[in-house]
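See below for the structure under consideration.
If you read the sequence from its start, that first residue is 1, and numbering goes on from there.
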Amino acid sequence: MQARKSPSKTQHKSQSKSHSQKALRIFFRNKAAVLGMILLLLVILASFVGRFFTRSIPLKSSAPFTPPGSHEKVMLGTDQVGRDILAGILYGGKTTLLVGISAATITIIIGVVVGALAGFYGGWVDEILMRITEFFQVLPTLLFAMVLVALFSPSLWTVIFAIGAVSWTSTARLARAEFLKIKHMEYVTAGRALGMQDSGLIWKAILPNALPPLIVSATLIIGVAILFEAGLSFLGLSDPNVISWGAILGGGRPYFLDAWWIVTLPGLMIFITVLSISLIGDGLNDAFNPKLRES
């Protein structure tokens with residue numbers, strides 16, 4: 001005879017599926033979140049596919065200071081050294097998104113590890129990790145990132161590491177709060193009574209249930225990382241051989257009054273991307289809100 005599945009497991013799976021369906025319905029009822037998702041998909045599509053529809057090379061110079069619409073080959077004009085702004089936006093979008101996602105990944109990994117260990121073990125482990133977190137939290141993040149980039153070569157991966165190294169503190173505090181709340185629940189106590197190791201309790205029992213607020217935090221961190229990269233590039237602390245929206249914006253800074261399009265167009269792309277990510281984050285926050293799911 002085949003062993004029947006326990007009612008508790010079947011009920012747990014059905015409840016989990018029901019919660020996911022309710023979360024999706026709440027998200028797609030949020031018109032702002034859906035708009036943000038559409039805008040972000042368009043930005044991603046333009047960054048990864050749009051380059052195949054332009055013949056211009058982003059780092060190749062032609063006629064400098066060409067205004068938008070004045071030449072059919074450069075629809076959005078050229079910058080101070082004659083590089084096509086449209087090609088720069090299309091090619092630079094991939095770099096900007098890569099920086100945002102990679103830096104957010106580093107931020108989440110560091111923050112979750114620190115917060116999980118602090119919240120799960122408590123005591124002296126919590127004390128030490130939280131003091132380290134507070135030390136990084138009181139440092140001016142942009143200035144600290146500038147110092148890290150200046151100390152090493154200003155490459156793309158140095159910028160990514162610098163952003164991730166200064167942005168993890170809020171994630172660590174959020175993860176710690178979730179672990180402190182969840183570790184005393186019945187299923188965690190039952191797992192400990194059944195002999196589960198600490199690593200299993202942390203990564204298999206507690207972390208999956210602590211993910212919703214961390215996912216919301218991750219979406220917002222991507223937007224912050226994109227702004228950080230733009231700020232560092234604006235100040236000249238970026239890889240000169242890699243084009244990004246921040247690099248275009250920073251290069252055109254001295255010529256803003258004479259050639260507004262060099263700064264305005266990549267700045268508009270940064271604004272649209274960060275706005276769309278923020279709208280998606282707000283939608284996910286509502287979708288994962290248990291009060292809204294119960295209503």
Other residues, nucleotides, ligands: >12 heavy atoms within 6.0 Å of [X] [atom1]:
{"X": "E134", "atom1": "CD", "result": "yes"}
{"X": "M37", "atom1": "CE", "result": "yes"}
{"X": "F48", "atom1": "CZ", "result": "yes"}

Backbone N or O of [Y] within a donor-acceptor pair of the [X] side chain at under 3.5 Å?
{"X": "N30", "Y": "I26", "result": "no"}
{"X": "K183", "Y": "I206", "result": "no"}
{"X": "T171", "Y": "I108", "result": "no"}
{"X": "S276", "Y": "I272", "result": "yes"}
{"X": "T78", "Y": "T66", "result": "yes"}

How many angstroms lie between [atom1] in [X] and [atom2] in [Y], if you round to the nearest 0.5 Å?
{"X": "E229", "Y": "L98", "atom1": "CD", "atom2": "CG", "answer": "10.0 Å"}
{"X": "T264", "Y": "F256", "atom1": "OG1", "atom2": "CZ", "answer": "5.0 Å"}
{"X": "T169", "Y": "L139", "atom1": "OG1", "atom2": "CG", "answer": "9.5 Å"}
{"X": "I85", "Y": "L90", "atom1": "CD1", "atom2": "CG", "answer": "11.5 Å"}
{"X": "K204", "Y": "I202", "atom1": "NZ", "atom2": "CD1", "answer": "12.5 Å"}
{"X": "L174", "Y": "E178", "atom1": "CG", "atom2": "CD", "answer": "5.5 Å"}

At their closest point, which heavy atom of [X] faces which heavy atom of [Y], and how far apart are they?
{"X": "A33", "Y": "G283", "value": "CB-CA, 3.7 Å"}
{"X": "A205", "Y": "Y187", "value": "O-CE1, 3.4 Å"}
{"X": "F136", "Y": "A165", "value": "CD2-O, 4.0 Å"}
{"X": "I106", "Y": "G164", "value": "CG2-CA, 3.9 Å"}
{"X": "I222", "Y": "I277", "value": "CG2-CD1, 3.6 Å"}
{"X": "G246", "Y": "S233", "value": "C-CB, 3.2 Å"}

Should [X] and [Y] be counted in the same cluster of Ile, Leu, Val, Met, Phe, Trp and Tyr side chains packed under 4.5 Å apart?
{"X": "F161", "Y": "I101", "answer": "no"}
{"X": "L265", "Y": "L42", "answer": "yes"}
{"X": "L220", "Y": "I109", "answer": "no"}
{"X": "V138", "Y": "F228", "answer": "no"}
{"X": "L257", "Y": "I248", "answer": "yes"}

What I'd like to find out is whether the side chain of [X] reaches to under 4.5 Å of the side chain of [Y], using heavy atoms alone.
{"X": "V216", "Y": "P212", "result": "no"}
{"X": "L207", "Y": "L214", "result": "yes"}
{"X": "W245", "Y": "T273", "result": "yes"}
{"X": "F120", "Y": "V125", "result": "no"}
{"X": "L232", "Y": "M146", "result": "yes"}
{"X": "Q137", "Y": "M130", "result": "no"}
{"X": "V112", "Y": "W203", "result": "yes"}
{"X": "T133", "Y": "W168", "result": "yes"}

Do H184 and K181 pass the side chain to side chain contact (heavy atoms under 4.5 Å, CB included) test, and can you show the C-alpha distance, the side-chain angles, and the key distance before you say yes or no? CA-CA 7 Å; H184 296 297; K181 179 178 68 175; over 6 Å; no
Please walk me through it: do V263 and F234 pass side chain to side chain contact (heavy atoms under 4.5 Å, CB included)? CA-CA 10 Å; V263 175; F234 187 81; 5.6 Å; no
Given L76 and W261, is the side chain to side chain contact (heavy atoms under 4.5 Å, CB included) satisfied, shown in steps? CA-CA 8 Å; L76 299 183; W261 60 91; over 6 Å; no
Check against side chain to side chain contact (heavy atoms under 4.5 Å, CB included), I226 and I270: CA-CA 8 Å; I226 290 174; I270 293 171; 4.3 Å; yes
For the pair D126 and R176, find out whether any cationic side-chain nitrogen is under 4.0 Å from an anionic carboxylate oxygen.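 A salt bridge is present here (some side-chain N lies under 4.0 Å from a carboxylate O).
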Over 60° means perpendicular and under 30° means parallel, so classify the ring planes of F65 and Y255, tilted if in between.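 Because their plane-to-plane angle is over 60°, the rings of Y255 and F65 count as perpendicular.
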